[in-house]
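The structure appears right after this line, and notes come after that.
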Amino acid sequence: MKLASWNVNSLNVRLPQVLDWLEQAQPDVVGLQETKLPDERFPRDALREAGYESLCSGQKTYNGVAVLARQPLSAPVTDIPGLDDPQRRVLATTIGDLRFVNLYVPNGQAVGSDKYAYKLDWLARLRDWLAAEQARHPRLVVVGDFNVAPEDRDVHDPEAWREQVLCSTPEREALQALMALGLTDSFRRFPQDEAVFSWWDYRMNNFKRNRGLRIDLILTSPTVTGALTASYVDRGPRAWERPSDHAPVVAELADA
DNA sequence: ATGGTCGGTAGCCGA
């Protein structure tokens, strides 16, 4: 079983690339972020023709998440309980025996800003909810654009990024608090090259120079971690014409 | 060279 996460930075613009990538990579489940589409404009039919059922939680202009799967998707949840937030950043659903949680974590803009405070609060509330999700659903997978680079080795220039947003100690500690629930960064379960990233700013030829961060993650609960057979970043689509600024990330599971 | 690009929108805001 092949799981993936991809921040597409507008599904309206990126739908042809998503369809190409689905055809090429043949994932079973995909979490999309930054769809930037209200649900009535979600391209459900085109995705169904490609073999995928979908759930979406979108809004105009900003944010928006969706999950695509070859199997039926049930029991959707679109909000962190108790967090009254109009921003569409969460979509959890059950697919087979997996509970799949797709996230677009707030960016945080700059350390010390109001958006940064919102990000840290959001992550703290996420932790409490994921603890409950894990108790209900032992086979839990949490994917998405976390907008946090877990460690310095996930950053092209750690000194330049020291205590900057996406890399600051409070953000990393908030991510660690999620992982302390028993969630594993699937990418680090396997030998990897150095300087593997999942996001490269559009500016300054950052992709060509591989000046990126690894902020798109697939976290797995212990029973799922035990079934992992691979986890990697597919840089291919980032090199396509008119790309998203993020590449898809993938985790593969042995069949049960 | 201290910025440089996108996407959505119709101003700039957000990333």
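Every chain is numbered from 1, with letters handed out A, B, ... down the list of sequences. All values derive from a computational prediction rather than experimental measurement.
- Using C1' as the reference atom, dT9(B) and dG14(B) are 12 Å apart when rounded to the nearest Å.
- In this structure, the ring pair (Phe, Tyr, Trp, His ring centres under 6.0 Å) partners of Trp21(A), at least two apart in sequence or on a different chain, are Trp6(A).
- Note on Arg89(A) versus Asp79(A): no salt bridge recorded, every NZ/NE/NH1/NH2 to OD/OE distance being 4.0 Å or above.
- Counting only residues at least two apart or in different chains, salt bridge (charged side-chain N to carboxylate O under 4.0 Å, His left out) contacts with residues 7-26 of chain A are absent.
- Hydrophobic side-chain contacts under 4.5 Å tie Phe197(A) into a cluster, directly or through other members, with Trp200(A), Phe207(A).
- Only the C1' atoms considered, dA1(B) is 26 Å distant from dC12(B), to the nearest whole Å.
- With a cutoff of under 4.0 Å to any heavy atom of chain A, the contacted region of DNA chain B is bounded 5' to 3' by dG4(B) to dA15(B).
- For Asp201(A) and Thr35(A), each mapped to the nucleotide of DNA chain B holding its nearest heavy atom, the one lying further toward the 5' end belongs to Asp201(A).
- At a non-hydrogen distance threshold of 4.0 Å, Tyr104(A), Asn107(A), Lys115(A) from residues 102-119 of chain A come into contact with DNA chain B.
- With sequence neighbours excluded, the residues satisfying side-chain hydrogen bond (donor to acceptor under 3.5 Å, both in side chains) with Arg153(A) are Glu151(A).
- Listed by chain and number, the residues in a side-chain hydrogen bond (donor to acceptor under 3.5 Å, both in side chains) with Asn205(A) amount to none (sequence neighbours excluded).
- A residue-by-residue look at Leu11(A) and Asp245(A) shows that Leu11(A) has its nearest nucleotide of DNA chain B further toward the 5' end.
- For residues 219-239 of chain A, there are no salt bridge (charged side-chain N to carboxylate O under 4.0 Å, His left out) pairs, not counting sequence neighbours.
- Atom C1' of dT2(B) sits at a distance of 27 Å from the matching atom of dG11(B), rounded to the whole Å.
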Donor-acceptor pairs are to be reported for all side-chain atoms of residues 65-75 of chain A against protein atoms at under 3.5 Å, with residues two or more places apart or in another chain.
residue, atom, partner, partner atom, Å
Arg70(A), NH2, Gln26(A), OE1, 2.6
Arg70(A), NH2, Tyr52(A), OH, 3.1
Ser74(A), OG, Thr94(A), O, 3.4

